Undergrad: 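Mind looking over this structure? Questions follow.
Just so we're clear, the structure is a prediction, and the values are computed from it rather than from any experiment. Note that the numbering runs from 1 along the sequence shown for the chain.
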Amino acid sequence: MRIGLLTDGGYPYATGESRLWCDRLVRGLAHHEFDVYGLSRSAQQEDHGWIALPPQVRRVRTAPLWAPEDDGRGHGRRERKRFAAHFGELAAAVCGSGDESGFATGLYGLAELAREHGGLYAALRSELAVRTLESACRAPGARRVVGTATVPDYLAFTDQLERALRPLSLDWYGSDSLGAVDLCHAASGGPAALPGLLAKRFFGVPLLLTEYGVQLRAHYLAAGEGDVASAPVRALLAAFHGLLAAEVYRQASVITPGNTHARRWQEKCGADPARLRTVYPGMESDRFTAVGEGEVDGDPHTLVWVGRIEPAKDLIALLHAFAEVRREEPDARLRILGAPVQGPDSTTYLAHCRALAAQLFPDEADGAHAIGDNPVSFEEIGGPEAPELADAYAAGAVVVLSSVVEGFPISLVEAMFCGRATVSTDVGAVVEVIGGTGLVVPPRNPRALADACLALLRDPERRERLGAAARARALELFTVEQNLAAFRGIYLELLSHSHRLAVRDDAELLPFATPAEAHVPGHWTGHRTGPTWASTPLAGTAAPGAPDA
């Protein structure tokens, strides 16, 4: 098959959240061909370049969402009238002054206009767009908050809207581009799925959507953290992303959330439960085999935290919980092993955590002439104490997760691969991942977190039992192999139900551009003999009319 892989801010770039699992998917399904259509999010991402691509990636097309992309084309009078009508329908749906079905009508109308005449960049930033948006915001039935929008708000929203709708203006929608693929697989919702929507509308290409982190949820969370946009702009953006998510869910043939937590979000946003298939992210287990299969040799008095240091991980609550643990177990230690800190917010948060640790745990010395030592250490993964990620989990007897916000807890799965007992807060997909192989407590509750840690520190047999069960569960559910097997089956299922016909060079019609059976030994299409296709028989079968052996 020929798969159009649609990404946003990840693969094929060397940075971004989707690059790892997309690369594993492409390499693991080597008998398929992949065309990658990637959107970049920043100049820095493009400067880092691409990862090394395997030979089954036949084509790569990229486009930026961060830089101006004016094609230099404008609209005549007739096209401006079409634009005003389509944009008016979309804007009315976003503002609440029109029917929600107008969102899809306006969206596809703008796509067809861009495909025929271009010029959507200039049109979406024009005075006509601002006036149309203002009329929709002030029309009867519009949401109260958008009715207070001013001209700067209209300009800010149209700027964000043009970037989100930039995939409509790309030259990816020809019979030799997305029209030539058998299946579009969007690696996330939002702008990444827009090319898939248009490929389905223009060419009937089926769309598969994978969301390991629900794009709409990520937008809501980002809007609440340091967002300087005004209330009307935030409301307009939230409405737009909600309507776009609903349309993507409506058009996708199959939607694969990465966990039940994401699945519930998708259902609340309008996804049909009958189209949802939970496919857990595939993670490489081999790098943790030595720790998971070996003797549990971590310090039995040490708690370990592993992850990115940021406010959502709530290390403040962990430090207060550890203060309770130290009162009960004076020999206990806490090792915080983080990825290299990036960005001013994370740097400030790390400094705050260090200051709190110094305040809660003054350096202690065994005697009058000994050097004091703090029971809490902040270390970096890749440093001398933990050169490899597996070494971080091997450093202690219990792994702790203290987050207040979490999607799919990758660090928790890594700890399970290492056969470690865990204590986690009940957020995101934690309970689904743990499945009874670890202790779970409410978030923002240092006392409960401390009690759970003490229970495991004091019971080595229970730790060993939970750790073994955790590793067995992780190997069953969260490996790359199970992820690849799931998508291999979904690809074949979607293609078997597809009614598209691809035209061959010799004008013959075949069900797929590349037949689904083409990966079996021999040439499935064989050679032409009369009115039918002769094919090479599979091993163990005789060709029609051949004598029995």
Undergrad: State plainly whether the residues Arg263 and Glu432 are in salt-bridge range, i.e. N to O under 4.0 Å.
TA: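 Between Glu432 and Arg263 there is no salt bridge, as every charged N stays at least 4.0 Å from the carboxylate O atoms.
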
Undergrad: I want to check something: taking the side chain as every heavy atom from C-beta on, are Arg61 and Asp171 in contact at a cut-off of under 4.5 Å?
TA: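 SC-SC contact between Arg61 and Asp171 confirmed.
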
Undergrad: Given the ring of Tyr108, does Arg201 sit roughly above its face, with NZ or CZ under 6.0 Å from the centre of the six-membered ring and within 45° of the axis?
TA: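 Geometry flag: set, cation within 6.0 Å and 45°.
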
Undergrad: Could you give the distance from CG (Leu113) to CZ (Arg80), rounded to the nearest 0.5 Å?
TA: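 Reported to 0.5 Å precision, the distance equals 12.0 Å.
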
Undergrad: Could you tell me whether the side chain of Arg24 and the main chain of Gly282 form a donor-acceptor pair under 3.5 Å?
TA: yes

Undergrad: With the side chain counted from C-beta on, respond yes when Val413 and Leu477 share a heavy-atom pair under 4.5 Å apart, and no when they do not.
TA: no

Undergrad: Is a side-chain donor or acceptor of Arg73 paired with a backbone partner of His117 at a separation under 3.5 angstrom?
TA: yes

Undergrad: Work out which heavy atom in Ala129 is nearest to a heavy atom in Phe87; give both atom names and the distance.
TA: O-CE2, 3.3 Å

Undergrad: Can you tell me which residue among Val60, Val57, Leu20 is in a side chain to side chain contact (heavy atoms under 4.5 Å, CB included) with Tyr11?
TA: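 Result: among Val60, Val57, Leu20, Val57 is the only option passing the side chain to side chain contact (heavy atoms under 4.5 Å, CB included) with Tyr11.
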
Undergrad: Looking at Ala136, is its backbone amide N or carbonyl O close enough to the side chain of Ser97 to form a donor-acceptor pair, meaning the two atoms are under 3.5 Å apart?
TA: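 Judged by distance alone, yes, a pair lies under 3.5 Å.
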
Undergrad: Return yes if some donor-acceptor pair links the side-chain N/O of Arg234 with the main-chain N/O of Ala229 below 3.5 Å, else return no.
TA: yes

Undergrad: Got a second to check how far Arg125's CZ is from Leu120's CG, nearest 0.5 Å?
TA: 11.0 Å

Undergrad: Go through Arg471 and Thr289 one step at a time and tell me if the side-chain contact (heavy atoms from CB on, under 4.5 Å) criterion holds.
TA: CA-CA 10 Å; Arg471 176 166 171 78; Thr289 299; 4.2 Å; yes

Undergrad: Going by the rule side-chain contact (heavy atoms from CB on, under 4.5 Å), which residues pair with Thr210 if we only count those two or more places apart in sequence or in a different chain?
TA: Trp21, His185, Tyr212, Thr256, Phe487

Undergrad: Would you confirm whether Gln45, through its side chain, and Gly9, through its main-chain N or O, come within 3.5 Å as a donor-acceptor pair?
TA: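 Side chain of Gln45 to backbone of Gly9: a pair is present.
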
Undergrad: For Ile410, I'd like to know if atom CD1 has over 12 heavy atoms of other residues, nucleotides or ligands within 6.0 Å.
TA: no

Undergrad: Would you please classify the geometry between the His75 ring and the Phe83 ring as parallel, tilted or perpendicular, with 30° and 60° separating the classes?
TA: tilted

Undergrad: List the steps and the verdict of salt bridge (Lys or Arg N to Asp or Glu O under 4.0 Å) for Glu476 and Arg473.
TA: CA-CA 5 Å; Glu476 178 184 1; Arg473 178 175 175 81; over 6 Å; no

Undergrad: Quick check for you: to the nearest 0.5 Å, what is the distance between Ile434 atom CD1 and Met416 atom CE?
TA: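 It is 5.0 Å, given to the nearest 0.5 Å.
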
Undergrad: Return yes if some donor-acceptor pair links the side-chain N/O of Lys313 with the main-chain N/O of Gly307 below 3.5 Å, else return no.
TA: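 Such a contact is absent between Lys313 side chain and Gly307 backbone.
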
Undergrad: When rounded to the nearest 0.5 angstrom, what is the spacing between CG in Leu183 and CD1 in Ile3?
TA: 4.5 Å

Undergrad: Taking Trp66's backbone N and O only, do any of them form a donor-acceptor pair with Arg163's side chain (distance below 3.5 Å, no angle check)?
TA: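 Checking the backbone N and O of Trp66 against the side chain of Arg163, a donor-acceptor pair under 3.5 Å is found.
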
Undergrad: Contact between Pro257 and Glu267 at the side-chain level, heavy atoms closer than 4.5 Å - yes or no?
TA: no

Undergrad: Only counting residues at least two apart or in another chain, list the ones meeting side-chain hydrogen bond (donor to acceptor under 3.5 Å, both in side chains) with Arg275.
TA: none

Undergrad: Between Pro409 and Gly407, what is the shortest heavy-atom contact and its length?
TA: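 Minimum heavy-atom contact is CD-O, 3.5 Å.
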
Undergrad: Go through the steps to decide whether Tyr13 and Thr62 satisfy the test side-chain contact (heavy atoms from CB on, under 4.5 Å), and finish with yes or no.
TA: CA-CA 10 Å; Tyr13 293 102; Thr62 62; 3.4 Å; yes

Undergrad: For the pair Thr105 (side chain) and Gly102 (backbone), establish whether a donor and an acceptor sit closer than 3.5 Å, ignoring hydrogens and angles.
TA: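 Checked: no pair found.
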
Undergrad: Compare all side-chain heavy atoms of Pro54 with those of Val26 and state whether any distance is below 4.5 angstrom.
TA: yes

Undergrad: Give a yes or no on whether Gln482 atom CD has more than 12 heavy-atom contacts from other residues, nucleotides or ligands under 6.0 Å away.
TA: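 Atom CD in Gln482 is crowded, with more than 12 foreign heavy atoms closer than 6.0 Å.
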
Undergrad: Could you give all pairs that pass the salt bridge (Lys or Arg N to Asp or Glu O under 4.0 Å) test and reach residues 81-105, with sequence neighbours left out?
TA: Arg82-Glu116

Undergrad: Can you find a pair of side-chain heavy atoms, one from Trp172 and one from Leu198, that are under 4.5 Å apart?
TA: no

Undergrad: For a 4.5 angstrom cut-off between non-hydrogen side-chain atoms, does Pro167 reach Leu197?
TA: no

Undergrad: Run the side-chain contact (heavy atoms from CB on, under 4.5 Å) test on Leu208 and Tyr491 for me, step by step, so that the C-alpha distance in whole Å, both residues' side-chain angles and the decisive distance to 0.1 Å come before the verdict.
TA: CA-CA 9 Å; Leu208 167 64; Tyr491 282 3; 3.5 Å; yes

Undergrad: Nearest 0.5 Å please: distance from the OG1 atom of Thr7 over to the OH atom of Tyr37.
TA: 12.0 Å

Undergrad: With a sphere of 6.0 Å drawn around CD of Glu388, does it hold more than 12 non-hydrogen atoms of other residues, nucleotides or ligands?
TA: no

Undergrad: Can you give me the closest heavy-atom contact between Val205 and Leu178, atom names plus distance?
TA: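 Heavy atoms only, the tightest pair is CG2-O, 3.7 Å.
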
Undergrad: Roughly how far apart are Phe408 CZ and Tyr280 OH, rounded to 0.5 Å?
TA: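 Output value for this atom pair is 7.5 Å.
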
Undergrad: Identify whether the distance between the nearest side-chain nitrogen and carboxylate oxygen of Asp23 and Arg27 falls below 4.0 Å.
TA: yes

Undergrad: Main chain of Tyr173, side chain of Ser177: is a donor-acceptor contact present, judged purely on distance under 3.5 Å?
TA: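 Looks like no, no N/O pair under 3.5 Å.
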
Undergrad: Would Arg58 and Asp35 pass as an ion pair if we require N to O under 4.0 Å?
TA: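 No salt bridge links Arg58 with Asp35.
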
Undergrad: Determine the minimum heavy-atom distance between Glu46 and Pro64, stating which atoms define it.
TA: OE2-CB, 3.6 Å

Undergrad: Any side-chain heavy atom of Tyr154 within less than 4.5 Å of one from Pro232?
TA: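 A side-chain contact under 4.5 Å is absent here.
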
Undergrad: Over all heavy atoms of both residues, which pair between Ala156 and Val233 is shortest? Give the atoms and the distance, please.
TA: CB-CG2, 4.2 Å

Undergrad: Are the side chains of His241 and Gln160 in touch, meaning some heavy atoms are under 4.5 Å apart?
TA: no

Undergrad: Show the nearest heavy-atom pair for residues Val254 and Arg277, with the distance to one decimal.
TA: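 So the minimum-distance heavy-atom pair works out to CG1-CG, 3.8 Å.
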
Undergrad: When you look at Leu244 and Leu194, which way does the side-chain contact (heavy atoms from CB on, under 4.5 Å) test go after all the steps?
TA: CA-CA 9 Å; Leu244 177 58; Leu194 275 173; 3.9 Å; yes

